[in-house]
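The structure under discussion appears below in the form of structure tokens.
Values below: all heavy atoms of this structure, side chains included; hydrogens, waters and symmetry mates excluded.
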Amino acid sequence: EKGGHWEMALSLLDDVRSSGLEPDVIAYSAAISACGKGGQWEKALALLGEMQDREVEPNVITYSAAISACEVAREDILAKDLLRTAISKLPIHESVEAGQARLARPPGTSSPHG
């Protein structure tokens with residue numbers, strides 16, 4: 001999932017699709033995370049949009065990966081917008097935990113996990 005593995009993650013998603021299957025939330029979340037860690041925040045957000053187009057519901061891990069991708073790229077406004085979206089769409093217990101963890105960190109700092 002580090003650095004240059006975003007291309008492999010996107011290739012694996014394509015392989016899943018070409019085999020006639022639909023990627024699930026776990027596959028999308030992993031690809032979004034890989035893109036974020038590889039500095040590909042725009043690709044990460046495109047995947048989030050694709051998920052929603054394909055009616056795959058993002059979860060707290062998905063939103064966290066997308067928010068982290070924006071933070072790494074210093075796209076703080078986008079990160080805050082995604083946080084607001086996550087808070088409005090996720091079940092309250094997931095939203096509160098994600099929001100508290102994000103708000104506790106200064107802008108532009110990475111998560112304790114990555």
ask   = Roughly how far, to the nearest 0.5 Å, is CG of Leu10 from CG of Asp15?
value = 11.0 Å
message = Does Leu21, at its CG atom, have more than 12 non-hydrogen atoms belonging to other residues, nucleotides or ligands within less than 6.0 Å?
response = yes
remark   = NE2 of His5 to SG of Cys35, rounded to nearest 0.5 Å, is 13.0 Å
ask   = Would Arg84 and Ser88 count as a side-chain contact (heavy atoms from CB on, under 4.5 Å) if you check the C-alpha gap in whole Å, the side-chain angles of each, and the deciding distance to 0.1 Å?
value = CA-CA 6 Å; Arg84 285 187 197 96; Ser88 71; over 6 Å; no
request  = Let me see the working for Ser11 and Asp14 under side chain to side chain donor-acceptor pair (under 3.5 Å), right down to the final yes or no.
outcome  = CA-CA 5 Å; Ser11 176; Asp14 286 340; 5.9 Å; no
key: Exercise: identify the closest heavy-atom pair between Ala73 and Trp41   = CB-CD1, 3.2 Å
ask   = Closest heavy-atom contact between Gly36 and Val72?
value = O-CG1, 4.3 Å
Pair Leu45-Cys70, side-chain contact (heavy atoms from CB on, under 4.5 Å): steps then yes or no = CA-CA 9 Å; Leu45 294 186; Cys70 291; 4.0 Å; yes
ask   = Taking all atoms of both residues into account, what is the closest heavy-atom pair of Ala44 and Ala69, and its distance?
value = CB-CB, 3.9 Å
query = Which value, rounded to the nearest 0.5 Å, describes the distance between Glu22 atom CD and Leu13 atom CG?
reply = 10.5 Å
note = Rounded to the nearest 0.5 Å, the OG1 atom of Thr62 sits from the CD1 atom of Ile67 at a distance of 10.5 Å
query = For Glu50 and Leu47, what are the C-alpha separation, side-chain angles and deciding distance, and is it a side-chain contact (heavy atoms from CB on, under 4.5 Å)?
reply = CA-CA 5 Å; Glu50 179 183 311; Leu47 288 171; 4.2 Å; yes
With Glu57 via salt bridge (charged side-chain N to carboxylate O under 4.0 Å, His left out) - residues at least two apart = none
Path from Val16 to Tyr28 over hydrophobic side-chain contacts below 4.5 Å = no
note = To the nearest 0.5 Å, atom CG of Leu48 lies from atom CG of Asp53 at 10.0 Å
inquiry  = Working to the nearest 0.5 angstrom, can you tell me the gap between Asp81 CG and Asp76 CG?
reply    = 11.0 Å
remark   = Between Val25 and Met51 the two heavy atoms that sit nearest each other are CG2-CE, 3.8 Å
task = Evaluate the criterion side-chain contact (heavy atoms from CB on, under 4.5 Å) for residue pair Tyr63 and Thr85; output intermediate values, then yes/no.
result = CA-CA 9 Å; Tyr63 280 113; Thr85 300; 3.8 Å; yes
